[in-house]
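Heavy-atom basis, side chains included; hydrogens, waters and symmetry copies ignored. Indexing begins at 1, ligand by ligand and atom by atom, following the structure's order.
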Amino acid sequence: MPRFTLTGSHTSLSLDLFADLHKVKALLASAEPVSGAVLQALEDGLKKAGADSSVKAVMICGENGKFSAGADIRGFSAPKKRGGALGPIVSLIESSEKPVVAAIEGVALGGGLEVALGCHYRIAHAKARMGLPEVTLGLLPGAEGTQRLPRLIGVPAALDMITTGKHIPATEALKLGLVDEIVEENTIEAAIRLANKVIGQPLGPRRLSLKPVPKLPNMEAFLRDAAVRVKRQARGCLAPELCFQAVRAATELPFAEGLRRERELFQVLLSSGQARALQYAFFAERAVHRWATPTGASWSSAAPQPVRRAAVIGLGTMGRGIVTSLVKANIPVVALEQDLEYLNKGRKAVMLLLEREAMKMEGGAQTLDFHNPARLQFTVDFDLLRDVDLVIEAVFENMALKKEIFHKLSKICKPGALLCTNTSALNIDEIASATSRPQQVIGTHFFSPAHVMRLLEIIYGRHTSPSAIATAMQLAKTLKKVGVVVGNCFGFVGNRMMFPYVEQAVFLLEEGSRPEAVDQALEDFGFKIGPFRMSDLAGLDVGWRSRQGQGLTGPSLPAGTPARQRHGQRYSPLPDLLCEHGRFGQKNAKGWYQYEKAGGRTATPDPWLHNFLSQYRDTHGIKTRFIDQEEILERCLFSLINEGFAVLAEGIASGPEHLDVIYVNGYGWPKHTGGPMFYASTVGLPRVLAKLQKYSEAHPDVPRLRPNAFLKKLVAVGNPPIKEWMSYLSQQSAKL
Ligand SMILES: CC/C=C/CC(=O)SCCNC(=O)CCNC(=O)[C@H](O)C(C)(C)COP(=O)(O)OP(=O)(O)OC[C@H]1O[C@@H](n2cnc3c(N)ncnc32)[C@H](O)[C@@H]1OP(=O)(O)O
């Protein structure tokens, strides 16, 4: 059988849409409008195969063990490039009079999977992954995928894949009927065998466009529930809802009309700002992986050390999540606590988390081996840390305690061991000063719950070695997290930018707003959870202890300090007062809201709090005023963004995408806006500046509302695109 592949000897066919990753990257470097050429080559190839009577079947495969990662994402924002041209090619494949078999190895994603859906048969390697991730890029599968997939695997499974964009393993694809066969050995040979077998068999039943969408006994009810679910999960993101509409069209319209609807919806998404933001977020995540420090260290100059065994100190909320994360990544762990009581409590909690994770993984290829002491050992004996490659300290935020632990580690651990501190704000250099090896001390700031949240903020100190940074970045990858390398300052990047945001939220309460109004505005903007609900969840006492430590409240506050001022700046004692009234948040059923019980999750507005706020305003002579949603958003978001410019100007992060990746992955910032700095670029820096100026004039005692000099400079030079921002930072003003 003559063989026609998309790749191999027809190398030109493997370009762009059908490229393996290596090729996609190569393409990006070239200015050639290759996509059209590839589509043309495909069309020509198919026509040639159709016209050649010696060709009995066609096999489509990828190159270098990968079927296709889909369209070149950068192409969506390129001028004149419009998606959709692939659809007719997929139709052409399907209408072939000779059987076409897709041989799927590696990945078949997006347009790649849509090509496979046009084929009459699909065969996949057992390790292959498939998906329609367009929704994660703010799009929908616009090459007829929303109409073919439901016909093949049914509406519930298709809707799930298309609205979440998840990649599924070949084993699951086989169960769903997405592929006809999976093989452990050579996929291409197996595909050729299959093609030979099906020559001469009728193709009609294999053409998905001719199949009806499988009926459900309760399709209407199913779609109604699904619509509500998708909308709730989308939280303001357009793509999942439009993906849903396209799939619903498949259930209501004939194939050709469904395609028209798919194209219309695709165009709406393509021209939306959200698609641009989500595509920016895709590349931002990859950009932060290419870390560099002011001294020029990077992957190319620093090799990560292997982490064969790790230790975690402290089994509180963070430590438990970190242990779970390490076990899930198959790294043997020693978990250490200060005494047996804490150890037993921690062990129980870790085991519970791991049981739950094991249940989630049931039926999958991987299993969790955590009952074996060689994989997970609980101890109170520091000596067991002698031969670990890496230690993560996760005790509570107390500098003296952390220094004591690091001093001990420096004496006990083997010379090459990496010493990590899971602090959310404390000075890495000061912690490192307690050791004899500051080059091996690094901050690894996990986010709660640590086995779930994707972000790992990696903080280098003055003496941290490049290899320590590379090891921490490699660890992030092993833990399936996104590591972001940042410099050392109070709160690092994430929390430092969060301070002004929370500060504004509380000031808004002083001036007349309510927690539920502020939370609602920010949740409508797309945050997973507003600042007051978040603070109740985290526990109000955490911040209270920290402020006491900083001398901002509590017994060490000098007598006569004005209630609403610290160091000459505006300060709100509201959060302190709530704690003094014994309101610590969810843990004791009252905080900014009231809850059904201690540990309850349902926040209800609390008349006590409303009354307390009006008394507070009376006491301090504050005239209550109505604060609209616009002011809430502008003050909270723009003050956070303003701090972001300060972070960039000080060289704490090497680019705005670092800040965006941190916020999207660690702070619930809505990804479809790209992150705070990308959002600022879409709002327009002149507008951000003007608003900050306005609010700063109204609140001269709030320094964090004063527009940062870097922001002013960017406006002065004409509001350049985000990718050019860093070039306007003078060498002198940046540490980088
Ligand atoms: C009408 C026609 C419409 C078609 C719709 C589409 O096809 S939209 C595109 C759908 N495809 C995707 O969303 C896949 C995106 N890629 C990935 O999920 C992952 O890259 C991967 C394929 C699973 C591989 O992951 P891995 O961790 O191994 O590598 P990286 O993610 O680091 O990627 C390596 C480099 O390749 C670049 N890249 C990958 N896919 C694309 C792509 N589709 N377009 C452009 N570039 C892509 C990626 O950016 C990395 O390069 P860097 O230089 O490091 O940025």
Any N or O of [X] closer than 3.5 Å to N or O of ligand 1:
{"X": "Gly111", "answer": "yes"}
{"X": "Gly112", "answer": "no"}
{"X": "Ile73", "answer": "yes"}
{"X": "Leu86", "answer": "no"}
{"X": "Arg286", "answer": "yes"}

Ligand 1-proximal atoms of Leu139, by part, heavy-atom distance under 4.0 Å: neither

Location of contacts on Pro133 toward ligand 1, heavy atoms closer than 4.0 Å: side chain

Pair Tyr667 and Phe527, ring centroids less than 6.0 Å apart: no

Ring centres under 6.0 angstrom apart (His289, Trp299): yes

Glu184 atom CD: more than 12 heavy-atom contacts under 6.0 Å: no

Quick one: do [X] and [Y] make a salt bridge, cutoff under 4.0 Å?
{"X": "Arg260", "Y": "Glu264", "answer": "no"}
{"X": "Glu241", "Y": "Lys231", "answer": "yes"}
{"X": "Lys328", "Y": "Glu357", "answer": "yes"}
{"X": "Glu94", "Y": "Arg148", "answer": "yes"}

Within ligand 1, which atoms have a heavy atom of [X] less than 4.0 Å away?
{"X": "Gly110", "result": "7 (O), 10 (C)"}
{"X": "Phe76", "result": "5 (C), 8 (S)"}
{"X": "Ala71", "result": "4 (C), 6 (C), 7 (O), 9 (C), 42 (C), 43 (N), 44 (N)"}
{"X": "Leu137", "result": "8 (S), 9 (C), 13 (O)"}
{"X": "Phe282", "result": "15 (C), 16 (N), 49 (O)"}
{"X": "Phe283", "result": "49 (O)"}
{"X": "Gly70", "result": "7 (O)"}

From CA spacing to verdict: side chain to side chain donor-acceptor pair (under 3.5 Å), Tyr280, Asp660: CA-CA 10 Å; Tyr280 160 85; Asp660 288 332; 2.6 Å; yes

Quiz item: cation-pi between Arg248 and Phe244, 6.0 Å / 45°: no

Sub-4.0 Å heavy-atom approach of His167 to ligand 1: yes

Proximity flag Arg290 to ligand 1, non-hydrogen atoms under 4.0 Å: yes

Any side-chain heavy-atom pair of Phe255 and Arg151 under 4.5 Å: yes

